[in-house]
Amino acid sequence: MYIIIGLGNPTAQYEGTRHNVGFDVIDRLGEKYNIAVDTKKHKAYIGKGMIDGQKVLLVKPQTYMNLSGESVRELVEYYKVDAEEEVLVIYDDISLDVGQLRIRKKGSAGGHNGIKNIIAHLGTQVFPRIKVGVGEKPKNYDLADYVLGHFSKAERAQMEEGYDRATEAVRLILAGEIDAAMNQYNKKQTTV
């Protein structure tokens, strides 16, 4: 089984914010593959299903971003999966343009508190991840205010395309094609 975790914050006030793009990708996957992510277990909303013949668990941790590792560790232990091979984490990245993707097999937290907490709880930096760009924080802007803010109308259109690309990248990664996913999606997307 593959556990696909989208990071975000629970409650309606955070819906559609930059910090919740991981949740948005999970919602997109759920819609596309008819997987209801509505069972409350392991400090998360989870949904079991299949993507291209691969058993998956779609996950939206409900611990708030900075404690995401609590939920992820519970899931990894309960389902006895290999975090380095069978966990995929999707989250926001302020160093990428809006809607851009960066796929990695491993890496540091890069200042992302949700990832920092997951690394602390799993005891490894080695797990695949898809970073979804939310744009750079404007000068003199508070980081928390920025990531908890909403997208402009133009940015939302770019994010929709980013979510579609992330969904396709997930499909490739599940098929064991992470290198192909990196080659295809890590390059800068040009807007037409």
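Side chains included, hydrogens not; waters and symmetry mates left out as well; all remaining heavy atoms used.
Separating the CZ atom in R156 from the CG atom in D24 is a distance of 11.5 Å, to the nearest 0.5 Å. Rounding to the nearest 0.5 angstrom, the gap separating the NE2 atom in H121 from the CG atom in L75 is 12.5 Å. Between the CG atom of L101 and the CZ atom of R129 there is a distance of 14.5 Å, given to the nearest 0.5 Å. E177 CD to M182 CE: the interatomic distance, rounded to the nearest 0.5 Å, is 13.0 Å. Atom CD of E74 is separated from atom OH of Y79 by 11.0 Å, given to the nearest 0.5 angstrom. Note: K153 NZ to Q158 CD = 14.0 Å, rounded to the nearest 0.5 Å.
The residue from D38, D27, N20 that alone fulfils the side chain to side chain donor-acceptor pair (under 3.5 Å) condition with K60 is D27.
Cluster membership check: V56 does not share its hydrophobic cluster with I5, using side-chain heavy-atom separations under 4.5 Å among Ile, Leu, Val, Met, Phe, Trp and Tyr. The hydrophobic cluster containing V147 also contains I130, counting ILVMFWY residues as joined when their side-chain heavy atoms lie under 4.5 angstrom apart, directly or transitively. Under the 4.5 Å side-chain contact rule for hydrophobic residues, I90 and I178 share a cluster. No chain of hydrophobic side-chain contacts below 4.5 Å, direct or via other Ile, Leu, Val, Met, Phe, Trp or Tyr residues, connects L88 to M1. Two different hydrophobic clusters hold V76 and L58 under the rule that ILVMFWY side chains link at heavy-atom gaps under 4.5 Å.
Counting only distance, with no hydrogens or angles, the side chain of Q100 and the backbone of D97 share no donor-acceptor pair below 3.5 Å. Side-chain atoms of N9 come within 3.5 Å of backbone N or O of M65 as a donor-acceptor pair. A donor-acceptor distance shorter than 3.5 angstrom exists from the side chain of N186 to the backbone of I103, with no hydrogens or angles considered. Side-chain atoms of N113 never come within 3.5 Å of backbone atoms of N66 as a donor-acceptor pair (strictly under, hydrogens ignored). A donor-acceptor pair is defined here as one N or O able to donate and one able to accept, closer than 3.5 Å; no such pair exists between the side chain of H42 and the backbone of Y78.
Contact annotation: the side chain of L7 never approaches that of F23 to less than 4.5 Å [non-hydrogen atoms, C-beta and beyond]. Residues M159 and V98 have side chains in contact (heavy-atom distance under 4.5 Å, counting atoms from C-beta outward). Residues L96 and K131 have side chains in contact (heavy-atom distance under 4.5 Å, counting atoms from C-beta outward). For the pair K43 and Q62, the minimum side-chain heavy-atom distance is 4.5 Å or more. At a threshold of 4.5 Å between non-hydrogen side-chain atoms, the residues T124 and E84 count as touching. Residues L57 and Y2 form no side-chain contact, since every pair of their non-hydrogen atoms from C-beta on lies 4.5 Å or further apart. Looking at heavy atoms from C-beta onward, V89 lies out of side-chain contact with I4 at the 4.5 angstrom threshold. Y146 places none of its side-chain heavy atoms less than 4.5 Å from the side chain of H19.
When all heavy atoms of A44 and P61 are compared, the pair lying nearest together is CB-CA, 3.7 Å. For the pair Q184 and L172, the tightest heavy-atom approach, listed with the atom from each and the gap, is OE1-CD1, 3.8 Å. I119 approaches A109 most closely through the heavy-atom pair CD1-N, 3.8 Å. Contact detail for S71 and T63: the closest heavy-atom pair is CB-CG2, 4.2 Å.
Using a 4.0 Å cut-off between charged nitrogen and carboxylate oxygen, E77 and R73 count as a salt-bridge pair. Checked for salt-bridge contact, D142 and K137 miss the test: no charged N lies under 4.0 Å from a carboxylate O. Taking 4.0 Å as the cut-off between side-chain N and carboxylate O, D164 and R28 count as a salt-bridged pair. Under 4.0 Å is where a charged nitrogen must lie from a carboxylate oxygen, and between E168 and R171 at least one such pair does. Between D179 and K105 there is a salt bridge, since at least one side-chain N of the basic residue sits less than 4.0 Å from a carboxylate O of the acidic one.
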- Query: Checking side chain to side chain contact (heavy atoms under 4.5 Å, CB included) for the pair K32/Y163: CA distance, chi angles, key distance, verdict?
  - Reply: CA-CA 11 Å; K32 182 168 181 161; Y163 298 152; over 6 Å; no

- Message: Please determine whether side chain to side chain contact (heavy atoms under 4.5 Å, CB included) holds for the pair V170 and L29, giving the CA-CA distance in whole Å, both sets of side-chain angles, and the decisive distance to 0.1 Å.
- Response: CA-CA 9 Å; V170 165; L29 286 163; 4.1 Å; yes

- Message: For a side chain to side chain contact (heavy atoms under 4.5 Å, CB included) check, start with the C-alpha distance between I3 and E86, then their side-chain angles and the critical distance, and finish with the verdict.
- Response: CA-CA 6 Å; I3 300 180; E86 298 164 314; over 6 Å; no

- V134 and I94: CA distance, side-chain angles, deciding distance, side chain to side chain contact (heavy atoms under 4.5 Å, CB included) verdict: CA-CA 5 Å; V134 296; I94 59 165; 3.8 Å; yes

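Legend: residues meeting ring pair (Phe, Tyr, Trp, His ring centres under 6.0 Å) with Y64, ordered by chain and number and at least two apart, are absent.
When ring centroids are compared, H112 and Y91 come within the 6.0 Å threshold.
Within a 6.0 Å sphere centred on CD of E160, other residues, nucleotides and ligands contribute more than 12 heavy atoms.
Cation-pi check for R18 over F151 is met; the charged atom lies under 6.0 angstrom from the ring centroid and within 45 degrees of its normal. Remark: K40 qualifies as a cation-pi partner of Y45 under the 6.0 Å distance and 45° angle criteria applied to the six-membered ring.
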